[in-house]
Amino acid sequence: MDETSKVSNFIQDIIEEDLRTGKVNKVHTRFPPEPNGYLHIGHAKAICIDFGMAEKYNGLCNLRFDDTNPTKEDIEYVDSIIEDIKWLGFDWEDRLYYASDYYDQFYDYAVTLVKKGLAYVDDLTAEEIREYRGTLTEPGKDSPYRNRSIEENLDLFERMKNGEFDNGERVLRAKIDMASPNMNMRDPVIYRILKAPHHRTGDKWCIYPMYDFAHPLEDAIENITHSLCSLEFEDHRPLYDWFLEKLEIENPPRQFEFARLNLTYTMMSKRKLRNLVENNIVDSWDDPRMPTLSGLRRRGFTPASIRNFCDLIGVSKTYSVVDYAFLEHCIREDLNKKALRVMAILDPLKVIIDNYPEDLTEEMDVENNPEAPETGTRKVPFSRELYIERDDFQENPPKKYFRLKPGAEVRLKNAYIVKCESFVKDDDGNIIEVHCTYDPESRGGSAPDGRKVRGTIQWVSARHAEDAEVRLYDHLFTKENPDDVSEDGDYMENINPDSLIVLKNCKLEPSLKGAKPGEAFQFIRTGYFCVDSKEYKKGNLVFNRTVSLKDTWAKIVKKHS
RNA sequence: UGGGAUGUAGCCAAGUUGGUGAAGGCACCAGACUUUGACUCUGGCAUUCGUAGGUUCGAGUCCUGCCAUCCCAGCCA
């Protein structure tokens, strides 16, 4: 994608070697999601690797839904997965496939195995199969049905297909080695009876292939050259190769495994993410705090930032946990170039310029993005009563506080230099109003006498301000590892109670009134924000904080406290 | 105590057949610049590659032992 892809990784090394030796002529990969949940940032890594490797070496990458378990899968997930991959910017052209497209072929392959004496129908119950399998340190033992005749197996398997048996009554197993130190080779089940309608094949089938059987075959059918998956499938590779060998597949695909993505303060398990939704810890799969692609999208992350992130973290076989700050860096880097700068006050404090005419409004010129001068400028109204950020005034400030303080000057960005003359407190001692005078000679923000004003703050004209709700998001968990829990607790105890802070009384510059979902803004000196798409549909103007700006001052304050 | 894998800075991660300098990024620290305490820029940040030995003129790269961590006993993927 960019200059960083120069850095090599072991998969590139393999592909380059294969291309060099002529082992393969054209790289062909696939991304094979099971449509049983929403895609998350961990899938984005896999997508970037699968599609990225094909792209880099002028090959092809298929999108294939691995839909071999109708009890867990749904069309809803198919749709969301397609939307998310498109959003990331990858294209599979006309190569959208489903494992269910190959059910007839899988069945034939299974029959072939039976005919070769390499598969048999087992009548053991699930419970018995588990007992016969042995343990990690003890070998398993053969099922009493292991040596049925080929004819009987053929007959039984066909009757399984015809629906003559109930769920769980019989399975088809590969005949390999019950004493193998690799559990996956102890006569794995390859077909089970599942009397459940499938979202694509309806009720045509009541037996469904297992992943281990289907995967190498669908890869072979699609002429996949490099079947990339995550580390936990390493133990399955001998089985993957076994099927291809026994079924005499020519130019068989090969499987390579890489480490999946882990992020600090984040969980990737589909099951746990589902729990968050079901327990109303978040309000949906696309809650902006979720690591799902739909959540990140709603939060304001761009496809470019996520792809760049996936590029930068690299590919290896080392178990790793990437710092969330790395993701934040990537989105800041992208948005710094793209986001329009605007002024917004999240926690307003009224400022009155005593020597400014009551009913005057001036239109101040403000640059849209200094990082992209071609975006030009806009007019922002200025008047006697303004709002500034409550943080930007302090009665008794610490040293080196450059913002507004009694008797001192500060620059209102692109407007005037003002001096704090006095302030008003309510009965509880809260500052409710700051009175200033302005220097009429400093229009635009610079003083003709050349005096230096160190602090510059944002402002919004009170009578022109647009009211809006702003949602500040933070990590969903308080611990880097959400599963770092006490004796018999679970990750729920690490939920961050402040992961969402809703601010209802925010004052925005009037140009924000027309903001649309998908537009990125930098609220100057605060952070990057976007319009919440769901609230927008309901007619509400709500901004989500994508990520804050880096805050050196906060660091200094923290260090001295 | 079976099998498979992995161990390079706080984090991610390059290190091709062993050969003077242990890439790069994030984070962090120091400084410059600044009408965003942002951005940008400059400098710093592993005498050492899990560990103990061995081979070698020379090892992160080869050999041996040990240690640590992860994965596997679904009719899930």
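We name chains A, B, ... by the order of the sequence lines, and we start the count at 1 in each one.
In this model, no donor atom of one side chain and acceptor atom of the other lie less than 3.5 Å apart for Y98(A) and E218(A). Of the N and O atoms on the side chains of D187(A) and Y120(A), at least one donor lies less than 3.5 Å from an acceptor on the other residue. No side-chain N or O of T377(A) forms a donor-acceptor pair with one of D365(A) less than 3.5 Å apart. Side-chain polar atoms of D334(A) and T302(A) form a donor-acceptor pair below 3.5 angstrom.
One finds no side-chain N or O of T526(A) lying less than 4.0 angstrom from the OP1 or OP2 phosphate oxygen of A38(B). Applying the 4.0 Å criterion to OP1 and OP2 of C28(B), one finds that K555(A) has a side-chain N or O inside that range. The side chain of K550(A) contributes an N or O atom lying less than 4.0 Å from OP1 or OP2 of A27(B). Considering only side-chain N and O atoms, T552(A) lies under 4.0 angstrom from the phosphate OP1 or OP2 of A38(B).
Atoms CD1 (I556(A)) and P (G37(B)) sit 11 Å apart, rounded to a whole Å. Regarding R341(A), its CZ atom lies at a distance of 8 Å from the C1' atom of U36(B), rounded to whole Å. Here U35(B) presents its P atom at 19 Å from CZ of F382(A), a figure rounded to the nearest Å. Computed from coordinates, the Q458(A) CD to U36(B) P distance equals 11 Å when rounded to whole Å. Atom P of nucleotide A38(B) and atom CD of E389(A) are separated by 17 Å, given to the nearest angstrom. One atom, CG of N9(A), and another, P of C12(B), lie 16 Å apart when rounded to the nearest Å. Summarising the geometry, the separation between OH on Y528(A) and C1' on U36(B) is reported as 10 Å, rounded to the nearest angstrom. As rounded to whole Å, 17 Å separates atom P of G10(B) from atom CZ of F326(A).
Within the nucleic acid shown, S446(A) comes within 4.0 Å of at least one base atom, counting heavy atoms only. Among the atoms of the strands shown, only primed sugar atoms or phosphate atoms (P, OP1, OP2) are found under 4.0 Å from some heavy atom of K559(A). Residue-level contact check: Q522(A) touches the bases, meaning some heavy atom is under 4.0 Å from a base atom. Residue Y401(A) is classed as a base contact, given a heavy-atom separation below 4.0 Å to a base. V321(A) comes within 4.0 angstrom of sugar-phosphate atoms only, judged by non-hydrogen atoms across all strands, and of no base.
Atom P of U47(B) sits at a distance of 10 Å from the matching atom of G10(B), rounded to the whole Å. Spacing between C29(B) and U69(B) at atom C1', rounded to whole Å, works out to 31 Å. Nucleotides U16(B) and A77(B) are separated by 36 Å at their C1' atoms, to the nearest Å. For U8(B) and G50(B), the C1' atoms lie 10 Å apart once the distance is rounded to whole Å. Spacing between G43(B) and U56(B) at atom P, rounded to whole Å, works out to 43 Å. Taking atom P in both G4(B) and A9(B), one finds a spacing of 26 Å when rounded to whole Å. Spacing between U17(B) and G60(B) at atom P, rounded to whole Å, works out to 14 Å. A14(B) sits 13 Å from U6(B) when the P atoms are compared, rounded to a whole Å.
Checked by distance alone, R454(A) brings no side-chain donor or acceptor within 3.5 Å of a matching partner on the base of U35(B). Side-chain to base pairing of R403(A) with G37(B): one donor and one acceptor N or O lie within less than 3.5 Å of each other. Counting distance only, with no hydrogens placed and no angle test, the side-chain atoms of E371(A) and the base atoms of U40(B) include no donor-acceptor pair under 3.5 Å.
Comparing U36(B), A14(B), A27(B) by their nearest atom to the side chain of S316(A) picks out A14(B). Of the candidates A27(B), C39(B), C12(B), the closest approach to any side-chain atom of N336(A) belongs to C39(B). Side chain of T137(A), nearest nucleotide from G7(B), G2(B), U35(B): G2(B).
Of the possible donor and acceptor atoms, none in the side chain of D483(A) sits under 3.5 Å from a partner among the backbone N and O of Y491(A). Remark: the backbone N or O of G445(A) is paired with a side-chain donor or acceptor of R411(A) at under 3.5 angstrom.
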Exercise. Please test L194(A) against N69(A) for side-chain contact (heavy atoms from CB on, under 4.5 Å), starting from the C-alpha separation and ending with a verdict.
Key: CA-CA 8 Å; L194(A) 243 35; N69(A) 185 352; 3.8 Å; yes
Self-check item: Residue pair F543(A), F523(A): steps toward the ring pair (Phe, Tyr, Trp, His ring centres under 6.0 Å) verdict
Solution: CA-CA 10 Å; F543(A) 285 86; F523(A) 287 3; 5.4 Å; yes
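Glycosidic conformation at G10(B) (O4'-C1'-N9-C4 for purines, O4'-C1'-N1-C2 for pyrimidines): anti, more than 90° from 0.
Taking the nucleotide of RNA chain B with the nearest heavy atom to each of K45(A) and R332(A), the more 5' of the two is matched to K45(A).
You'll find the ring centres of Y38(A) and Y77(A) inside the 6.0 Å limit. Ring centroids of Y211(A) and F233(A) are separated by less than 6.0 Å, placing the two rings close together.
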Quiz item: What would the secondary structure line of RNA chain B be in dot-bracket form, counting Watson-Crick and G-U wobble pairs under 3.5 Å, with [ ] for pairs that cross earlier ones and | for pairs with another strand?
Solution: .((((((..(((......[....))).(((((.......))))).....(((((..]....))))))))))).....
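In terms of the side chain to side chain donor-acceptor pair (under 3.5 Å) criterion, residue partners of D123(A) (sequence neighbours excluded) are, by chain and number, R148(A), R170(A).
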Self-check item: B/S/- contact track for nucleotides 71-77 of chain B, protein heavy atom under 4.0 Å
Solution: BBBSBSB
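Between the CG atom in N162(A) and the CZ atom in F157(A) there is a gap of 10.5 Å [rounded to 0.5 Å].
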